[in-house]
Number of protein chains: 4
Amino acid sequence: MPTKKKPQVTPTPERRRELLATAAEVFAAQGYNATTVRRIADEAGMLAGSLYYHFDSKESMVDEILSTFLDELWQGYDEVLAAGLGPRETVEALVTESFREIDRHRPAVAIYQKESRHLATQPRFAYLADSQTRFEKAWLGTLERGVADGVFRDDLDIRLTYRFVRDTVWVAASWYRPGGQHSPEEIARQYLSMVLDGIAPRT
Amino acid sequence: MPTKKKPQVTPTPERRRELLATAAEVFAAQGYNATTVRRIADEAGMLAGSLYYHFDSKESMVDEILSTFLDELWQGYDEVLAAGLGPRETVEALVTESFREIDRHRPAVAIYQKESRHLATQPRFAYLADSQTRFEKAWLGTLERGVADGVFRDDLDIRLTYRFVRDTVWVAASWYRPGGQHSPEEIARQYLSMVLDGIAPRT
Amino acid sequence: MPTKKKPQVTPTPERRRELLATAAEVFAAQGYNATTVRRIADEAGMLAGSLYYHFDSKESMVDEILSTFLDELWQGYDEVLAAGLGPRETVEALVTESFREIDRHRPAVAIYQKESRHLATQPRFAYLADSQTRFEKAWLGTLERGVADGVFRDDLDIRLTYRFVRDTVWVAASWYRPGGQHSPEEIARQYLSMVLDGIAPRT
Amino acid sequence: MPTKKKPQVTPTPERRRELLATAAEVFAAQGYNATTVRRIADEAGMLAGSLYYHFDSKESMVDEILSTFLDELWQGYDEVLAAGLGPRETVEALVTESFREIDRHRPAVAIYQKESRHLATQPRFAYLADSQTRFEKAWLGTLERGVADGVFRDDLDIRLTYRFVRDTVWVAASWYRPGGQHSPEEIARQYLSMVLDGIAPRT
DNA sequence: AATGAATGAGTGTTCATTCAT
DNA sequence: CATGAATGAACACTCATTCAT
């Protein structure tokens, strides 16, 4: 019977994206565990069971949210890392790119911040740990090059510096609201200024 | 009738503290919602129901963990704020005190970071919002004094600076492990150095 | 957004009524507290959790059972009270109406008898106390009118008489079984005969 | 070691009676199932576990309360039934005795009213059903004798009459408060007057 | 006699998930 | 595509009961 089609993998990519956006918003606001499927469905104007036409499970929703975000993030990062910039310029570009991602994927970033450690224990989310590792390599490498080149201080524990910069940037997702008074680029500029030169005036 | 003496309810604060320490560790590791009372009981070597001899509810456990932590935190902070130090010395003292608290109450700080926004919506945890407000006042005030005195830069958005310093410090609770290679004071020193002078070398 | 229609919550009052009838039967037989939600579900041929698709809580089940009963009861009573009958005819009509209610809502009446005092302490069940008060007013008023008119004895404590008649009628719910050898009207007739004329023969 | 005595069956009959009185009061007020052992212990000024020095179980408490009450009740009843009175005088004596028992054992009577049907299903409480049977026999016999002698009406269903008188009397336990304005004997007198002669005036 | 602490079975409730319609 | 109804496992919490001290 040619009239009965099995639902395609992407029945309507539009609706899918809408629903994921809704889910991401709720996950970010309430936390993954504390968010019920019913709540997401409410927000989407349907019943809880209906979501299962679009997604296999609640888990597959976060999965898709996070992997989509990380894919886009690494597209941007890889471009920067491949550009052959100097260490300081690389840091500037990475930070700027990060704030752009926060601007575009705020809920996903917030979920990533809050839940990734917890989720990464499951095999399905192994890519979270992978990403973390690549991230660390890229940053530590850049910082080390910078110390060697004399554009970053050599009297600091480099892992501490790494964590400092990393957290400094990403935590912003917890308070950032798109459409606020500062553009992502402006926030990046000020953050970079603080990170690079400190909050005490240079004499 | 003199026979109706209410028997004392909290006879051994010892056990209470032990159990709360266990609970805090699990809450910090798995998240409050994802932590089952059974899990805490397991870790404590008893059955789930037995916890209710000591505590009213799972909620009252986090409550006691967080309020105990905040009480101690504010003791330290108030001492610093009352000492009449200059803005820069105040910032140094507050940051150092913060890392000491992270060292002493790491699980509580981690819980606070992850759950306080969510918990603060309940009336019972109103003190979390209060604390947040006091915190912001203390920090913003100090930073403003510093800008006026010329010991902090005047070309930065002060709220951005506040968030920068605040997050930078507290997020450390997510990776800090007591007994590591750096003492809290050493970490504080390096963090302060980065925050105040930046990671680029002063020429 | 027109896509956000809230789906209707009570689409099939049918099932609801069936389930409430089942619940009422069990509550009446075992007592509200002694009845487990699992038991009701068993009787209804489903799992305990499934009941929560239809009802918010066990409490809301008794609530609906009792309030539905009282609503119908007062419809009948109000009709009688508004009919402008003499005191003796009013008493006859109220008693007859009561036995009809016992016939139609036996489980609800039994629950009301056993649990109302206990439930009425909760704000949610305030209407139980209200009903009690209205009930008392209606009866006492009728009895007083009867005494004044000389159709009821004036040598009896009127509150005692009230309790006597009230209990006499409602306790019947504890042994009455619909479909027995006497119709509600026949039982009412005999009860009225006893209450009005006594069990000793009139000489 | 002669110093260690096993607790006697009646360690201090005084205390036992006190505790049972307390328990009965709570059972009557809240219902057997809804009453926690902790609550009884609270009321008695001790901890829940301590009650188990005096009683085997919560069940054995009601057991002792109810059986003590029934023993005393039947002492009174048997005396009346053995006195060789006429049917009308027997009814008067039984009702009066009943109100005296309500006066002396109000909580026990209330418990009996509310819980006996439920408890009687357990073998341990078989005596409740036995008592019920004896009770029914005694009353039905007396009423039948009365009808035969012409001192009770012969136009009433005798089982209906039995239930009428029985319920009428015992339900009083639900509102009776010792020390009120009417003595048990006065209440009995008025009840008997209503039951025998009705609430309509004899012409 | 009574306490402090624990047990273990059970209770109401929640929630992700399924599936016939 | 979506609904209505149900499942079943898990959860926080309660409570009668036990027992060493």
Side-chain angles (χ1 to χ4, degrees), chain A residues 7 11-12 15 19 33-41 44-61, chain B residues 5 7-12 15-16 19 33-41 44-61, chain C residues 3 5 7-12 15-16 19 33-41 44-61, chain D residues 5 7 11-12 15 19 33-41 44-61:
Chain A
T12 317
R15 193 88 179 96
L19 292 173
N33 273 299
T35 297
T36 71
V37 161
R38 215 202 212 82
R39 182 69 211 282
I40 299 172
M46 51 169 58
L47 290 182
S50 309
L51 278 174
Y52 287 78
Y53 179 80
H54 302 275
F55 304 99
D56 284 345
S57 64
K58 183 181 166 187
E59 209 178 74
S60 78
M61 292 188 222
Chain B
K5 292 177 214 157
Q8 47 200 5
V9 179
T10 42
T12 323
R15 192 89 179 93
R16 249 185 122 72
L19 292 172
N33 272 299
T35 298
T36 71
V37 158
R38 228 194 204 84
R39 182 71 210 284
I40 299 173
M46 50 166 58
L47 291 179
S50 308
L51 280 174
Y52 288 80
Y53 179 77
H54 301 276
F55 304 99
D56 284 345
S57 63
K58 183 181 164 186
E59 208 178 77
S60 79
M61 292 188 222
Chain C
T3 53
K5 292 175 213 156
Q8 46 200 7
V9 180
T10 41
T12 323
R15 194 89 179 95
R16 248 184 123 72
L19 292 172
N33 273 300
T35 297
T36 71
V37 156
R38 269 171 182 90
R39 181 72 210 283
I40 298 173
M46 50 166 58
L47 291 180
S50 308
L51 280 174
Y52 287 80
Y53 179 77
H54 302 276
F55 305 99
D56 283 346
S57 62
K58 182 182 166 187
E59 207 179 77
S60 80
M61 292 187 220
Chain D
K5 292 179 207 165
T12 318
R15 192 87 179 99
L19 292 173
N33 272 299
T35 298
T36 71
V37 161
R38 215 203 212 82
R39 181 71 211 283
I40 300 173
M46 50 168 59
L47 290 182
S50 309
L51 278 174
Y52 287 79
Y53 179 80
H54 301 276
F55 304 99
D56 283 347
S57 64
K58 184 182 165 187
E59 209 179 72
S60 78
M61 291 187 222

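Letters go in sequence order (proteins before strands), and every chain restarts at 1. Nothing here was measured: the structure is a model prediction, and the numbers come from that model.
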Nearest-angstrom distance from the residue atom [atom1] of [X] to [atom2] of [N]:
X: D:Asp56; N: F:dT17; atom1: CG; atom2: P; value: 9 Å
X: C:Ile40; N: E:dG12; atom1: CD1; atom2: P; value: 8 Å
X: C:Met61; N: E:dT13; atom1: CE; atom2: C1'; value: 10 Å
X: C:Tyr52; N: F:dG8; atom1: OH; atom2: P; value: 18 Å
X: C:Asn33; N: F:dC15; atom1: CG; atom2: C1'; value: 13 Å
X: A:Lys58; N: E:dT17; atom1: NZ; atom2: P; value: 8 Å
X: B:Glu59; N: F:dC11; atom1: CD; atom2: P; value: 18 Å

| task | Please report the shortest heavy-atom distance between B:Ser60 and B:Ser57, naming the atom on each side. | result |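 So the two residues come closest at OG-O, 2.9 Å.
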
| field | Exercise: identify the closest heavy-atom pair between B:Leu19 and B:Ala44 | value |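 So the two residues come closest at CD2-CB, 3.6 Å.
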
Nearest 0.5 Å, please: how far is [atom2] in [Y] from [atom1] in [X]?
X: C:Tyr53; Y: C:Arg15; atom1: OH; atom2: CZ; result: 11.5 Å
X: A:Tyr52; Y: A:Lys58; atom1: OH; atom2: NZ; result: 8.5 Å
X: B:Thr35; Y: A:Asn33; atom1: OG1; atom2: CG; result: 9.0 Å

| 5' precedence on DNA chain E between A:Ala34 and C:Ala34 (nearest-nucleotide basis) |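 Looking at the nearest nucleotide for each, C:Ala34 comes out on the 5' side.
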
| Taking C-beta and beyond as the side chain, do C:Arg16 and C:Met61 meet within less than 4.5 Å on heavy atoms? | no

| field | F:dC15: pairing nucleotide in any strand, Watson-Crick or G-U under 3.5 angstrom | value |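 In the structure as shown, F:dC15 has E:dG8 as its Watson-Crick or wobble partner.
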
| message | Looking at F:dA20, which nucleotide sits across from it as a Watson-Crick or G-U wobble partner, both distances under 3.5 angstrom, or is there none? | response | E:dT3

| Given E:dT13, E:dT17, F:dC13, which nucleotide is nearest the side-chain atoms of B:Ser57? | F:dC13

| query | Do any N or O atoms from the side chain of C:Arg38 and from the backbone of C:Leu47 form a donor-acceptor pair under 3.5 angstrom? | reply | no

For nucleotides 6-10 of chain E, print each protein N/O atom paired with a nucleotide N/O atom at under 3.5 Å, atom names and distance only.
from	atom 1	to	atom 2	distance (Å)
E:dA6	OP1	B:Arg15	NE	3.1
E:dA6	OP1	B:Arg15	NH2	3.3
E:dA6	OP2	B:His54	NE2	2.6
E:dT7	OP2	B:Leu47	N	2.9
E:dT7	OP2	B:Ser50	OG	2.8

| message | Does B:Thr35 reach a base, just sugar-phosphate, or nothing at all? Heavy atoms under 4.0 Å. | response |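 It contacts sugar-phosphate atoms only.
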
